[in-house]
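Labels below follow one simple rule: chain letters A, B, ... track the order of the sequence lines, proteins then strands, and each chain is numbered from 1. All values reported here derive from a predicted model rather than from experimental measurement.
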2 protein chains.
Amino acid sequence: MPARTASTRSSAPRVAPSIDVVILAPRERKLVVLLARGPAKSRERWQLPWRSLKPDETIDGEAVKLARKTLGTAPALVEQVAAFGDGRRHPSGAALSVAFLALIDADTSAGFKGDASWFAVNDLPPLPPRQRGMLEGVLTSLRARLDQGPIAFHLLPPTFTLTQLQEIYELLLGRRLHKASFRRSLHAAWLVEPTEEWRSEGRGRPAQLFRYAPKKRRGGRRGVRFGG
Amino acid sequence: MPARTASTRSSAPRVAPSIDVVILAPRERKLVVLLARGPAKSRERWQLPWRSLKPDETIDGEAVKLARKTLGTAPALVEQVAAFGDGRRHPSGAALSVAFLALIDADTSAGFKGDASWFAVNDLPPLPPRQRGMLEGVLTSLRARLDQGPIAFHLLPPTFTLTQLQEIYELLLGRRLHKASFRRSLHAAWLVEPTEEWRSEGRGRPAQLFRYAPKKRRGGRRGVRFGG
DNA sequence: ATGATTTAGTAGCGTGCTGCGACTAATTCA
DNA sequence: TGAATTAGTCGCAGCACGCTACTAAATCAT
């Protein structure tokens, strides 16, 4: 049921596929996404950063370049999520768009200066319809694969406290986790190792800093399973 | 920044994205994939079924049509897996290809008459390089999502014995499972219900037939976790 | 016919993982 | 100096998992 859209008359012109990137960072207990300004005349003033794919270009390479150009710095992770070729409208007019996920940590994102702006994913401005679907698809996929790979670590700086790590998981899962169970799972997964440093964050006992250091110990590496 | 329409000159010409479908069925304890004949002059004589995407077409719709046309009947499941736009060669010359997974059960696949042929996924003829990658990507994704959704059921007829179901899981996972544990997990997941029928399959005690009937019981539906 | 063989399905035990409440430890604030 | 706050650990109770061993119902061989 292809819904005819946008600037088309009898038969749509052939337009190159687009690459769209969903750049995420944690920010004040919320997940935020980086949106770029659209053309002034367009209905939606904000858009996911995108570009058209030229022949001979690889999608992964171009996605990394696009993320770096938009962000001014290289993200910790860039990963393809899915292709979107429903009939919905895309700013490029492309019949097909490929969605990418990009993650950076809070510290790096705080240093961002550029034309784009951060928005909480729970409180977004109107987006072009296909991009709205792409964003939702990326978030769903992110949550589903949380326990498959070390995704959460890419939202943190190189060293972090276990409470910080737990807060990232809670942010992505949308629910509270039990501290003791979380740490036990983490320990069993052999994903982090302690550093010598401790950080005093205002009140309370200082926390030890850890770094991401997966050990391929005997038995398949298990993801972090959640207590809570 | 988005380039114009049809074809460029000096570098590669612009070619519409392709839709490629990996049609799988269980067959004599092996997983088989349906391959179509390529053009006689081409290096690889066999290819994944594919077609070029025209503007205004939706990828999911076209994937279903392609699968149905190739197969002569509608598959039990058609699902997008990923986009492939590495530099590797594709028969269409497209810069970008989208891979789809399609599943049908053994009985239906046995009735297949057509130009294409079934090959065991462990013993394949040479394929165009990008399609080789797409096939591997689809298989990897299939195995990874086995415990997330009811994928296995789409490789079986509407009613089946629990031994048949277990064999499908063993086929996809590539290892033997323990009967009692498998059934316990299945029961806990509330995914099947017994019918009144029993099937006598040669020797031994007859087996009860079950049907796929997921119950959204209290607590999130767990996938089948594997014993043994 | 009857016992061997084959396949289906269940019972129950030990171990380990999970969820949770309650505890100790180290710091800041009044 | 003691209340409050945050970090980190202990250990129990219950459930899930892996496995062996059992019962059930059919066919095959003699």
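- Here the C1' atom of nucleotide dT9(D) and the CD atom of Gln208(A) are 14 Å apart, to the nearest Å.
- One atom, CZ of Phe160(A), and another, C1' of dA7(D), lie 16 Å apart when rounded to the nearest Å.
- Atoms CG (Leu165(B)) and P (dT7(C)) sit 19 Å apart, rounded to a whole Å.
- Atom CG of Leu162(A) is separated from atom P of dA7(D) by 10 Å (rounded to the nearest Å).
- When each of dT9(D), dA8(C), dG18(D) is scored by its nearest atom to the side-chain atoms of Lys179(A), the top-ranked nucleotide is dT9(D).
- Remark: Arg45(B) CZ is loosely packed, at most 12 non-hydrogen atoms of other residues, nucleotides or ligands lying under 6.0 Å away.
- Toward the 5′ end of DNA chain D lies the nearest nucleotide of Phe210(A), the other residue of the pair Ser200(B) and Phe210(A) mapping further downstream.
- In this structure, a donor-acceptor pair under 3.5 Å is present between the side chains of Arg130(B) and Ser97(B).
- In this structure, of dG19(C), dG9(C), dT6(D), it is dT6(D) that holds the atom nearest to the side chain of Arg205(A).
- Summarising the geometry, the separation between CZ on Arg183(B) and P on dA21(D) is reported as 19 Å, rounded to the nearest angstrom.
- We find that CG of Leu177(B) is positioned 13 Å from P of dC17(D), with the value rounded to whole Å.
- Note on Ala180(A): a base of the nucleic acid sits closer than 4.0 angstrom, heavy atoms only.
- What separates CZ of Phe182(B) from C1' of dA8(C) is a distance of 14 Å, to the nearest Å.
- Candidate nucleotides dC28(D), dA11(C), dG21(C) were compared by shortest atom distance to the side chain of Arg203(B), and dC28(D) ranks first.
- For Gln164(B) and dA8(C), the CD to P distance is 9 Å, given to the nearest whole Å.
- Using modelled atom types and a 3.5 Å distance limit, the side chains of Thr58(A) and Asp60(A) yield no donor-acceptor pair.
- Among the atoms of the strands shown, none is found under 4.0 Å from any heavy atom of Glu201(B).
- Thr163(A) comes within 4.0 angstrom of the backbone, heavy atoms only, and of no base.
- A donor-acceptor contact under 3.5 angstrom links the side-chain atoms of Arg184(A) to the base of dG19(C).
- Using a 4.0 Å cut-off between charged side-chain N and carboxylate O, Arg145(A) and Glu79(A) make a salt bridge.
- The aromatic rings of Phe153(B) and Phe160(B) sit tilted, their planes meeting at an angle between 30° and 60°.
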